[in-house]
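Down below is the structure, laid out as structure tokens.
Positions are given from 1 along the sequence. As the structure is a computational prediction, the values presented were derived from the model and not from experiment.
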Amino acid sequence: MRFEPAARLSGELRAPPDKSISHRAALLGAMASEPVRIEHYLHAADTASTLQAVRDLGALVEVREDEVVVRGTGLREAREPQGPIDVGNAGTLLRLLPGWLAAQHGRSFTLDGDDSIRRRPVDRIAEPLRRMGAEVQARDGRFPPLQVRGGRLRAISCELAVASAQVKSCVLLAALTADGATTVGEPARSRDHTERMLLRAGAGVHRHGRHVTVVNVDELLLGSVSVPGDASSAAFMVVAGVLVPGSRLLIADVGVNWTRAGFLRILRRMRGIVLGDLEDETGELVPDEPVSDLDVAHGALEGTVVEADEVPLTIDELPLVALLGCFAEGETVVRGAQELRVKESDRIAGVVAGLRGLGAQIEATDDGFAVRGTGGLRGGTLQAHGDHRLAMMGAVAGLASAEGVEVIGMDSAAVSYPGFVEDLAALVH
Ligand code: S3P
């Protein structure tokens, strides 16, 4: 699909519902004792996989026009499905669901997915779940298909070698049924949607610096959840507005939880014009997910450095930091982001090859990249490698380029943002 240079972008837009929060709402709904109503559930490929997975496990799911209702099985009563659970392309489902399955004493489950999922490591969840008392096996000890046999779980303390909200969340879900209080530590803070939702569901959750403790509970009662707009999906529109001269956009109801708003803070540091009421870092854990409108305008940018402690707060937007870097004055560097190599694709290789093909001066490092800003991009062809975020980055690059961009594999946007191309087209004037 081709994206021609745009004269300017303007108008108003509502970003699609948050993918991370939708996955968690469906999973916690399935684990809860009473029905959970989810308003603004994301209807995309990844989150459809989660609804199917919880159905396979015995939850009843009703998809209504403006909400999804999940009638769960309770914490310990997931049903053993006939065959493997298909997680599709969804790494979050692959990593979070086993935390619940580990508690299903004496029952066995297999998780599998597409070719990309089969390259995503699961050893970091297998190790703590085994210590807690589940039996876990993976292909070559590391990759899906993943088998989990539930057990009676012990509470543990564990320190993650790499900050990961997915791994942390897996252990916290298992902790709900363990025999005491479980603590997870991370080298840097990652998104805390699981902690906030567990707090709302009545679980004992405490944060102390980089550590989170969850106390076991008898049941979860979540009531209803309203999913905010996805900050990661909104980020593509934000960047389009910042890069295309003369643009002015309003993006409504975006989630601005501070553990997700790292990208907006980086953009402001680069002198990008984005007005909005971002959440300040909270010491105490809070149950709510704050939202804000974002008012975006085109403007000149300066290069910046993103260090390891900031990476988990903007992990999915780092390809966009590279794209911004192409247009900024000076150098833009990202370090400590080796996790990008094991996302839906190797995002360091994909971003560097993709942007270079459009005329960027960008070098890969082991754990990130360095871009020398040249004031713009020529254009050309970008291969998305089946990765939704690379495809959408390519589309935005096209609008801001001199000659336009052909994206190979635009279909993959449906993983997180099915209406992306239409939404973008509606803003172009
Ligand atoms: C996610 C966490 C991030 C992110 C992914 C969604 C989540 O992964 O890249 O798209 O919903 O917990 P890690 O924190 O595991 O790196």
For side chain to side chain contact (heavy atoms under 4.5 Å, CB included), just list the numbers for Leu176 and Trp100, CA-CA rounded to whole Å, side-chain angles, deciding distance to a tenth of an Å, and then say yes or no. CA-CA 9 Å; Leu176 294 167; Trp100 181 34; over 6 Å; no
Just wondering, more than 12 heavy atoms not from Arg271 lying within 6.0 Å of its CZ? no
Quick check: closest heavy atoms across Gly276 and Leu294, and the distance to 0.1 Å? CA-CD2, 4.2 Å
Spell out, as yes or no, whether a donor-acceptor pair under 3.5 Å connects the side chain of Gln383 to the backbone of His385. yes
Expected output: side-chain Arg130 to main-chain Val136 donor-acceptor under 3.5 Å: yes
Is it the case that the side chain of Glu80 and the backbone of Ser108 share a donor-acceptor pair, with hydrogens and angles ignored and the cut-off at 3.5 Å? yes
In terms of heavy-atom contacts, Ala44 and Ala414 come closest through CB-O, 3.5 Å
Can a donor-acceptor pair be found, under 3.5 Å and without considering hydrogens, that links the side chain of Arg120 to the backbone of Val342? yes
Taking Arg341 first and then Glu339, would you say they form a salt bridge - that is, a charged N and a carboxylate O separated by under 4.0 Å? no
Just by distance, do the side chain of Ser292 and the backbone of Asp277 share a donor-acceptor pair under 3.5 Å? yes
In Å, rounded to the nearest 0.5 Å, how long is the span from OG of Ser232 to CD1 of Ile315? 10.5 Å
Could you tell me the separation between the CG atom of Leu75 and the CD atom of Gln104, rounded to the nearest 0.5 Å? 8.5 Å
Gap between atom CZ of Arg55 and atom OG1 of Thr50 - 0.5 Å precision: 11.5 Å
Work out which heavy atom in Gly241 is nearest to a heavy atom in Leu249; give both atom names and the distance. CA-CD1, 3.9 Å
To the nearest 0.5 Å, how far apart are CZ in Arg268 and CD1 in Ile266? 12.5 Å
Looking only at side-chain N and O atoms, does Ser20 offer a donor or acceptor that is under 3.5 Å from a partner on Arg191? yes
Non-hydrogen atoms of Ala26 and Val54 that approach each other most closely: O-CG1, 4.0 Å
Heavy-atom count check: over 12 atoms from other residues, nucleotides or ligands less than 6.0 Å from Glu329 CD? no
Side chains of Arg8 and Ser247: do they bring a donor and an acceptor to under 3.5 Å? no
Looking at Val167, Val205, Val184, which one forms a side-chain contact (heavy atoms from CB on, under 4.5 Å) with Leu172? Val184
Taking salt bridge (charged side-chain N to carboxylate O under 4.0 Å, His left out) as the criterion, tell me which of Arg124, Arg207, Arg210, Lys168 meets it with Glu186. Lys168
Is the side chain of Tyr41 donor-acceptor paired with the backbone N or O of Thr47 at a distance under 3.5 Å, no angle test? yes
Do Ser116 and Lys343 have side chains that get closer than 4.5 Å, going by heavy atoms? no
For the student: nearest non-hydrogen atoms of Arg265 and Trp258, plus distance: NH2-O, 3.0 Å
Heavy-atom side-chain contact between Glu344 and Asn89 under 4.5 Å: yes
Check the pair Arg95 / Ser169 against side chain to side chain contact (heavy atoms under 4.5 Å, CB included), numbers first and verdict last. CA-CA 8 Å; Arg95 270 63 170 267; Ser169 299; over 6 Å; no
What's the verdict on salt bridge (charged side-chain N to carboxylate O under 4.0 Å, His left out) for Arg356 and Glu363, showing C-alpha distance, side-chain angles and the deciding distance? CA-CA 9 Å; Arg356 239 195 226 160; Glu363 300 291 331; 3.4 Å; yes
Testing the 3.5 Å rule here: is there a donor-acceptor pair between the side chains of Gln166 and Thr92? yes
Beyond-backbone contact of Leu382 with Met393, side-chain heavy atoms, under 4.5 angstrom: yes
Among His40, Arg24, His193, Arg260, find the one that has a side chain to side chain donor-acceptor pair (under 3.5 Å) with Asp18. Arg260
Does Asp293 use its side chain to pair, donor to acceptor, with the backbone of Asp253 at less than 3.5 Å? yes
Atom pair CG (Asp112) and CG (Leu146), whose distance is rounded to the nearest 0.5 Å: 9.5 Å
Test side-chain hydrogen bond (donor to acceptor under 3.5 Å, both in side chains) on Asp423 and Tyr417 and set out the steps. CA-CA 10 Å; Asp423 280 3; Tyr417 195 161; 2.6 Å; yes
Polar side chain donor-acceptor pair, Glu39 to Ser224, under 3.5 angstrom: no
Supply the atom-to-atom distance Asp367 CG to Leu340 CG, rounded to the nearest 0.5 angstrom. 9.5 Å
Do Val274 and Asp295 have side chains that approach each other closer than 4.5 Å (heavy atoms only, starting at C-beta)? no
Contact check, side chains of His388 and Phe420, non-hydrogen atoms, under 4.5 Å: no
Tell me whether Asp230 contacts the main-chain N or O of Pro16 through its side chain, where contact means a donor paired with an acceptor under 3.5 Å. no
Would you sort out whether Val286 and Glu279 count as a side chain to side chain contact (heavy atoms under 4.5 Å, CB included), showing the intermediate values? CA-CA 11 Å; Val286 292; Glu279 187 185 41; 3.9 Å; yes
Looking at side-chain heavy atoms only, is the closest gap between Ile273 and Val296 below 4.5 Å? no
Heavy-atom closest pair (Thr304 atom, Arg269 atom, distance to 0.1 Å) is OG1-NE, 3.0 Å
When you look at Leu323 and Val239, which way does the side chain to side chain contact (heavy atoms under 4.5 Å, CB included) test go after all the steps? CA-CA 9 Å; Leu323 177 59; Val239 171; 4.0 Å; yes
Is there side-chain contact between Arg347 and Arg389, with at least one heavy-atom pair below 4.5 Å? yes
Quick check: do Asp46 and His23 have side-chain heavy atoms less than 4.5 Å from each other? yes
For Arg118, does its backbone N or O pair with a side-chain atom of Arg139 as donor and acceptor, under 3.5 Å? yes
Candidate pair Thr183 and Ser157, rule side-chain hydrogen bond (donor to acceptor under 3.5 Å, both in side chains), full reasoning: CA-CA 5 Å; Thr183 297; Ser157 285; 4.5 Å; no
Would you confirm whether Arg196, through its side chain, and Asp288, through its main-chain N or O, come within 3.5 Å as a donor-acceptor pair? yes
Can you confirm whether Arg248 is buried at CZ, in the sense that more than 12 heavy atoms of other residues, nucleotides or ligands lie under 6.0 Å from that atom? no
